[in-house]
There are 2 protein chains.
Amino acid sequence: MQRTGFAKAECPVARALDAIGDWWSLLIVRDAFDGLRRFGDFQRNLGIAKGMLTARLRKLVETGVLEQVAASDGSAYLEYALTKRGHDLFPIVVSLRQWGEAHLYARGEPHSVLLDHAGQAVGQLVLPSKNGKPLSWADTKVRKVAARRR
Amino acid sequence: MQRTGFAKAECPVARALDAIGDWWSLLIVRDAFDGLRRFGDFQRNLGIAKGMLTARLRKLVETGVLEQVAASDGSAYLEYALTKRGHDLFPIVVSLRQWGEAHLYARGEPHSVLLDHAGQAVGQLVLPSKNGKPLSWADTKVRKVAARRR
DNA sequence: CGAACTGGTCTTAAAATAGGACTAGACAGG
DNA sequence: CCTGTCTAGTCCTATTTTAAGACCAGTTCG
């Protein structure tokens, strides 16, 4: 009765959830985007059990989202840094953030916000189309399985 | 030792994960975007245990992502339909899909793809900035807690 | 050198999950 | 209008996952 896995699903959404769709992984990644790099930083900031954190970090390293690098402060410890693949998770974290901001706060309730380099709140993620108008859920359809190409 | 909850976190990412960040909810939502509406359709398509599906659907209805509506075929059964809040999950599902497509398939391995109304594969989600250039992770920063406004 | 910090491992109890048996009401056919 | 099947669940059990904290070896600080 092992938890169902989706690693071999044909659907990319299912595979992505298999890789990073548990309760902690995306929060670790969010913290990594905020600049956290050390085991203890993640542990204190998230309040996660250490064994859990060990397991999650290990899986994220295996998946290629994080990598262990020498500590930036010159000490003998290791740090966890986002890889290219990890940085590519940015739209996922932002989309979760924007949905959360829009739907899960009472009016006036304080929450963190995402700013650009100029200190301006950023706009919504958009899915561009040829003619410049953003695509919505109603404009798209999934083709079940792509033909094997190349 | 109840699973840690993030419902009251100040971070919107954490709240979003609390609401829809489990192993099944986003797959149910994905199927709903694909047009599935009935209990049995979700159950057969996902291979999920029925008790699990019952619990997930109930939570998604509570969260306001799905709502129960009369069956579209005129029978006495109910169907689950995406609400506005549910449709707003579209960027999350798309960002997961695009990350999965980019990183979790061997070259040439078949997978489903997202098409626009014209049958063209859609482009990448982008986070627009004032000057038109998309923002990346390096261009943004989180302000920890927004001042209470209004 | 000794104390505290770092980054873990191990153990335990509670909770979540998978899988399947069972069921009440809806529906379709004869 | 009777019966068999379908639908949408509930309930039970075995197993896995999680939370929480005790413990520990190597590193750094004073």
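Note on naming: letters A, B, ... go to the chains in the order of the sequence lines (proteins, then strands), and numbering restarts at 1 for each one.
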**Item:** Out of D:dA8, D:dA19, D:dT17, whichever nucleotide has its closest atom nearest the side chain of B:Phe39
**Value:** D:dA8
**Message:** What's the closest nucleotide to the side chain of B:Arg38 if the choices are D:dA8, C:dG7, D:dA20?
**Reply:** D:dA8
**Prompt:** Atom CG of A:Leu36 to atom C1' of C:dG7: distance rounded to whole Å?
**Reply:** 16 Å
Using the 3.5 Å cut-off, write out each protein N or O paired with an N or O of nucleotides 26-30 of chain D and the distance between them.
unit_1	atom_1	unit_2	atom_2	d
D:dG26	N2	A:Tyr77	OH	3.2
D:dT27	O4'	A:Tyr77	OH	3.3
D:dT28	OP1	A:Ala76	N	2.4

**Message:** Does this structure show an ion pair linking B:Glu62 with B:Arg58, if we count only N-O contacts that are shorter than 4.0 Å?
**Reply:** no
**Item:** Candidates C:dA18, D:dT18, C:dG8 - which lies nearest the side chain of B:Trp24
**Value:** C:dA18
**Estimated bend of the helix from C:dC1-D:dG30 to C:dG30-D:dC1 (axis per five terminal pairs, rounded to 10 degrees)** = 30°
**Asked** Reckon A:Tyr80 touches a base, only the sugar-phosphate, or nothing at all at heavy-atom distances under 4.0 Å?
**Response** sugar-phosphate
**Item:** Value in whole Å for how far the P atom of C:dC27 lies from CG of B:Leu78
**Value:** 11 Å
**Item:** Backbone N/O of B:Ile48 and side chain of B:Gln43: donor-acceptor pair under 3.5 Å
**Value:** yes
**Request:** Could you tell me the separation between the CH2 atom of A:Trp23 and the P atom of C:dA15, rounded to a whole number of Å?
**Result:** 15 Å
**Request:** Please work out whether the ring planes of B:Phe33 and A:Trp137 are parallel, tilted or perpendicular, with thresholds of 30° and 60°.
**Result:** tilted
**Closest to the B:Arg58 side chain, choosing from D:dT18, C:dG8, D:dT10** = D:dT10
**Prompt:** When you measure from the side chain of B:Lys50, which nucleotide among C:dG19, C:dA21, D:dA20 comes out closest?
**Reply:** C:dA21
